[in-house]
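Chain A is the first sequence line, chain B the second, and so forth, proteins listed ahead of strands; every chain is numbered from 1. Worth saying up front: this structure is predicted, and the values here are computed from it rather than measured.
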2 protein chains.
Amino acid sequence: MANSSRINEAPPAAVAEALKRLGRNIRTARLRRKLRMQDVAERIGASRYTVADIEKGKPGTSMAAYAGALWALGLLDTMNELADPDRDEEGKTLESVRSPKQAPRRRKLDNDF
Amino acid sequence: MANSSRINEAPPAAVAEALKRLGRNIRTARLRRKLRMQDVAERIGASRYTVADIEKGKPGTSMAAYAGALWALGLLDTMNELADPDRDEEGKTLESVRSPKQAPRRRKLDNDF
DNA sequence: CATCGATGTTTATTTGAAGCAACGTATAAC
DNA sequence: GTTATACGTTGCTTCAAATAAACATCGATG
């Protein structure tokens with residue numbers, strides 16, 4: 001990354017916690033399968049240091065690295081439900097009759113929410 | 001070569017597809033909530049270009065950016081099941097009686113798996 | 001309890017992610 | 001149809017993600 005964005009430098013607590021839990025889950029799955037960090041690294045074409053970052057829940061590490069780790073462990077299918085529109089009940093309620101391809105226009109000094 | 005890892009440059013097809021689906025899901029959720037890319041960007045402290053990358057499923061974009069987008073849309077809880085050890089039936093089967101904190105040692109020329 | 005591989009940590013280096021500005025296109029609101 | 005805004009895309013700059021080497025520590029296994 002470059003100009004350091006807040007989401008990577010200091011993510012909201014809920015996000016940071018979610019990443020740490022994901023990292024712990026990935027580590028648990030790896031150890032259950034008796035694989036070394038390097039084994040996972042080789043399967044996804046990365047270094048063992050990147051796998052270590054994933055298991056620490058490092059925010060700035062790439063999405064592909066995380067997804068690749070899941071893939072290497074045979075857990076990629078657990079990603080399919082992520083933000084699944086069919087399960088997004090709140091979203092379905094909010095949706096209007098039509099499905100716009102763009103967000104609605106805002107007035108210049110629209111300071112809502 | 002420093003920053004270029006295969007997982008970011010050319011992820012496995014299954015991983016690339018999972019990321020694109022996730023990006024589409026996030027876009028659907030955003031539009032249902034009638035938010036602009038910039039609205040989501042401001043909530044997570046990033047630029048609209050990063051949100052655009054997320055919705056395209058760009059592999060190299062940070063995990064925190066993806067998780068932050070889910071958080072901004074109230075969908076972070078869908079991440080809790082990711083690689084959940086309790087649901088990892090294959091992992092539980094593979095696990096030995098004890099839970100080692102390290103992967104087993106390998107011989108030097110161990111070329112298995 | 002000794003060995004040696006797995007993992008943590010540091011440092012240095014390189015490359016690409018992220019920001020930003022600018023321009024063009026698409027679309028929704030009128 | 002007109003217009004203001006959302007979105008797509010490109011080129012450029014900046015700085016952190018990723019790598020690798022080196023060393024320390026942890027821990028599985030005999």
Phosphate contact ([N] OP1 or OP2) by [X] side-chain N/O below 4.0 Å:
| X | N | result |
| --- | --- | --- |
| A:Ser5 | C:dG19 | yes |
| A:Ser62 | D:dA18 | yes |
| B:Asn8 | C:dA17 | no |

Are any non-hydrogen side-chain atoms of B:Pro12 and B:Ile7 less than 4.5 angstrom apart?
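Heavy-atom side-chain distance check passes, below 4.5 Å.
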So, do A:Lys20 and A:Lys56 sit near enough that their side-chain heavy atoms are less than 4.5 Å apart?
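Side-chain contact under 4.5 Å: no.
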Using atom [atom1] of [X] as one end and atom [atom2] of [N] as the other, report the distance to the nearest whole Å.
| X | N | atom1 | atom2 | result |
| --- | --- | --- | --- | --- |
| A:Asp53 | D:dA16 | CG | C1' | 12 Å |
| B:Lys58 | C:dG19 | NZ | P | 10 Å |
| A:Glu9 | C:dA17 | CD | P | 18 Å |
| B:Glu42 | D:dA6 | CD | C1' | 14 Å |
| B:Met63 | D:dA18 | CE | P | 13 Å |
| B:Ile7 | C:dG16 | CD1 | P | 16 Å |
| A:Lys34 | C:dA6 | NZ | P | 14 Å |

Among all residues two or more places apart in sequence or in another chain, which pass the salt bridge (Lys or Arg N to Asp or Glu O under 4.0 Å) test with B:Glu81?
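With neighbours one apart ignored, the set is B:Arg87.
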Just by distance, do the side chain of [X] and the backbone of [Y] share a donor-acceptor pair under 3.5 Å?
| X | Y | answer |
| --- | --- | --- |
| A:Asp39 | A:Arg36 | yes |
| A:Arg33 | A:Leu73 | yes |
| A:Arg43 | A:Ala72 | yes |

Are B:Leu75 and B:Leu31 linked, directly or through other ILVMFWY residues, by side chains that come within less than 4.5 angstrom of each other?
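Result: no, two separate clusters.
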Hydrogens and angles aside, do A:Asn25 and A:Thr28 bring a side-chain donor and acceptor to less than 3.5 Å of each other?
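No, no side-chain donor-acceptor pair sits under 3.5 Å.
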May I ask you to say what A:Ala65 touches in the nucleic acid, namely base, sugar-phosphate or nothing, with a heavy-atom cut-off under 4.0 Å?
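Nothing, no nucleic acid heavy atom in range.
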With B for base contact, S for sugar-phosphate-only contact and - for none (protein heavy atoms under 4.0 Å), nucleotides 7-12 of chain D reads BBB---
Salt bridge flag under 4.0 Å for residues A:Arg30 and A:Glu55
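A salt bridge is present here (some side-chain N lies under 4.0 Å from a carboxylate O).
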Find the bend of the helix from C:dC1-D:dG30 to C:dC30-D:dG1 as the angle between its two terminal axes (five pairs each), to the nearest 10°.
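So the angle between the two local helix axes works out to 80°.
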